[in-house]
Amino acid sequence: MTPAVPYPVLPRPSRSATHGALWCAAAAALAATRTPRARRAATRGLASLGVASLTVNVLGRRTLRHARPAPVPLIGRPKRRPTTTSFPSGQAAAAAAFATGVALESPAWGTVVAPAAASVALSRGPSGARLPSDVLTGAALGVGAAFAVRGVVPTRGQVAPPARPRAEVPALPDGEGLVLVANTAAGSAERARALRDALPGAEVVECGPGDVPAELEKAAARARVLGVCGGDGTVNAAARVALRFRLPLAVLPGGTLNHFAYDLGIEDVRDLARALREGDAVRVDVGRYSCGGKHGVFLNTCSVGVYPELVRERERWSHRIGGWPAGVLAALRVLRAGRHPLEAEFQGRTRPLWLLFAGNGTYHRMGLASGRRKDLADGQLDVRVVHGGRRPAVRLLAAALAGPLTRSPAHAAVQVGRLRLDHVAPGTLLAYDGEVIEVEGLVTLEKLPEALIVYRPIPSG
């Protein structure tokens with residue numbers, strides 16, 4: 001009689017998770033959804049998995065050498081019995097770390113991943129590879145690794161600005177009264193149509209970048225709420241129109257850079273649709289620049305010096321060699337040793353400057369995460385200055401790594417409500433929300449406190 005062939009019923013989930021293959025596939029599936037929240041969840045899950053694996057393999061098993069348990073009955077036995085020590089369970093740690101990391105960034109996606117993670121962890125004991133204590137300890141280490149990663153790189157929910165000050169705006173249950181202008185060059189058409197599906201009463205106007213200003217003017221003349229879908233430059237244009245027509249603004253991120261929308265807590269159609277249906281909105285500050293007959297507003301940042309030059313240089317090359325290579329080439333060209341810093345009068349003293357950056361609101365850094373604004377109505381310009389001198393690249397890097405309110409011979413940071421920059425040389429570039437213009441003479445930056453009303457989801461509780 002032919003002996004029975006072992007049928008590994010329970011170990012199958014365990015085998016699929018070997019070397020993290022299952023979690024890499026899950027991360028790829030999340031990233032393929034092309035939503036910012038899902039991509040961040042996938043990245044956080046993999047980072048948590050990496051920390052957990054390092055902890056288990058480098059610290060746990062080399063410190064605590066536990067033998068494997070005795071073989072289990074034939075039906076549950078794996079074909080290849082592991083030879084490493086059993087404590088703690090590396091696969092249980094990886095499963096728990098990935099699922100917890102995903103859930104911390106996106107609870108909805110966490111519930112999707114959790115069953116697979118639980119299946120992998122539970123399969124380790126019956127397979128004969130681990131004792132229950134090995135599995136539980138591994139899972140605990142995985143959860144701890146995910147929280148450790150969150151301590152270093154906070155989730156977006158941890159840095160969301162407070163929902164204040166609240167503003168009275170119309171609730172649009174089906175979107176009627178909303179006219180949204182979508183910049184098709186920013187790849188926003190798909191999102192704009194998704195918003196129209198979610199709010200069938202809304203009117204969506206799709207146009208190219210050259211027609212955006214005119215279409216915004218037309219939309220504002222017939223809208224109760226002015227909507228915009230595009231990057232920061234498109235949103236800036238919409239903010240100018242909304243301020244002039246005294247309309248609330250609804251922002252749907254759709255471009256390459258969406259700093260303002262993300263700082264509001266709006267990442268996708270669901271966030272904006274919920275705010276519109278429930279009539280949730282806040283007042284936010286607006287920055288304003290003026291120079292002679294030129295004036296405008298900025299929602300994110302305004303700067304002179306190296307950064308505007310880098311933006312213009314990057315735009316010159318991006319259509320030829322692509323965005324990232326153009327950025328690297330632009331940095332090398334702008335920061336070459338032979339360049340001279342800008343000279344201007346700042347705070348009553350004429351000095352050379354490599355960069356003057358003014359943020360509309362104070363930018364904070366949490367852990368290793370990039371700067372975010374905790375409050376979009378704090379009444380402050382966050383001014384960072386990199387003084388002129390030798391080795392501009394070193395000075396700029398030191399300023400980038402330093403936190404707010406720092407002072408050194410190379411850089412300084414202060415918070416003010418108004419700023420004057422005098423004796424600016426002709427042809428100096430000024431960048432605001434990704435757009436670049438030339439300025440000279442006296443440049444004034446100031447705040448317009450709580451000037452703009454913007455829809456945003458209000459967190460419960």
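Along the sequence shown, residues carry numbers from 1. Bear in mind the structure is a predicted one, so any value in this text is a computation, not a measurement.
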Applying side chain to side chain donor-acceptor pair (under 3.5 Å), can you list everything that pairs with [X], at least two apart in sequence or on another chain?
X      : result
Asn236 : Arg240, Asp433
Glu206 : Arg193
Arg270 : Asp268

Exercise for review: Kindly state whether the ring of Tyr289 and the ring of Tyr432 have centres lying under 6.0 angstrom apart.
Suggested key: yes
Might you point out which heavy atoms bring [X] and [Y] nearest each other, and give the distance in Å?
X      : Y      : answer
Leu356 : Leu445 : CD2-CD1, 4.5 Å
Leu49  : Phe98  : CD1-CB, 4.3 Å
Ala139 : Ala96  : O-CB, 3.4 Å
Ile453 : Ala167 : CG2-CB, 3.8 Å
Pro209 : Ala185 : CD-CB, 3.5 Å
Leu104 : Arg44  : CB-CD, 4.4 Å

**Study point:** Stepwise side chain to side chain contact (heavy atoms under 4.5 Å, CB included) check, Val385 with Phe357
**Key:** CA-CA 6 Å; Val385 177; Phe357 163 99; over 6 Å; no
Quick one: does [X]'s side chain get under 4.5 Å of [Y]'s, heavy atoms only?
X      : Y      : result
Ser106 : Arg40  : no
Val286 : Leu299 : yes
Leu264 : Leu376 : yes
Leu247 : Val225 : no
Leu355 : Ser303 : yes

Is [X] reaching over with its side chain to a backbone N or O of [Y], donor-acceptor style, under 3.5 angstrom?
X      : Y      : value
Lys447 : Gln380 : yes
Thr111 : Ala108 : yes
Asn360 : Leu381 : no

Listed partners of [X] passing side-chain contact (heavy atoms from CB on, under 4.5 Å), at least two apart:
X      : answer
Asp174 : Glu176
Thr43  : none
Val439 : Cys291, Val424, Thr428, Leu430, Ile437, Val443
Thr444 : Ser290, Arg418, Arg420, Leu442

How long is the gap from [atom1] on [X] to [atom2] on [Y], to the nearest 0.5 Å?
X      : Y      : atom1 : atom2 : value
Arg373 : Asp285 : CZ    : CG    : 10.0 Å
Asn183 : Cys207 : CG    : SG    : 6.5 Å
Asp263 : Arg456 : CG    : CZ    : 10.0 Å
Leu172 : Leu199 : CG    : CG    : 8.0 Å

**Study point:** Working for side chain to side chain contact (heavy atoms under 4.5 Å, CB included), residues Tyr455 and Ile266
**Key:** CA-CA 9 Å; Tyr455 280 84; Ile266 298 174; 5.6 Å; no
Practice item. Test Leu180 against Val205 for side chain to side chain contact (heavy atoms under 4.5 Å, CB included), laying out the working first. Key: CA-CA 6 Å; Leu180 182 137; Val205 178; over 6 Å; no
Check your understanding: Do His259 and Asp232 have side-chain N/O donor and acceptor atoms under 3.5 Å apart?
Key -> yes
Check your understanding: Is the closest basic N to carboxylate O distance between Arg384 and Asp382 below 4.0 Å?
Key -> yes
Check your understanding: Please walk me through it: do Leu226 and Val241 pass side chain to side chain contact (heavy atoms under 4.5 Å, CB included)?
Key -> CA-CA 9 Å; Leu226 179 63; Val241 175; 4.0 Å; yes
Review point. What pairs with Phe260 under ring pair (Phe, Tyr, Trp, His ring centres under 6.0 Å), at least two apart in sequence or on another chain?
Key: none
Revision key, fill the gap. Side chain to side chain donor-acceptor pair (under 3.5 Å) pairs touching residues 218-229, sequence neighbours excluded, are Glu203-Arg222
Exercise for review: State which residues pass salt bridge (Lys or Arg N to Asp or Glu O under 4.0 Å) with Arg288; sequence neighbours excluded, sorted by chain then number.
Suggested key: Glu446
Revision key, fill the gap. Residues 227-251 vs ring-ring contact (aromatic ring centres under 6.0 Å, His included), sequence neighbours excluded, gives none
Which donor-acceptor pairs under 3.5 Å do side chains of residues 271-283 form with protein atoms, sequence neighbours excluded?
from	atom 1	to	atom 2	distance (Å)
Asp271	OD2	Arg37	NH2	3.4
Asp271	OD2	Glu267	N	3.0
Arg277	NH2	Ala198	O	3.1

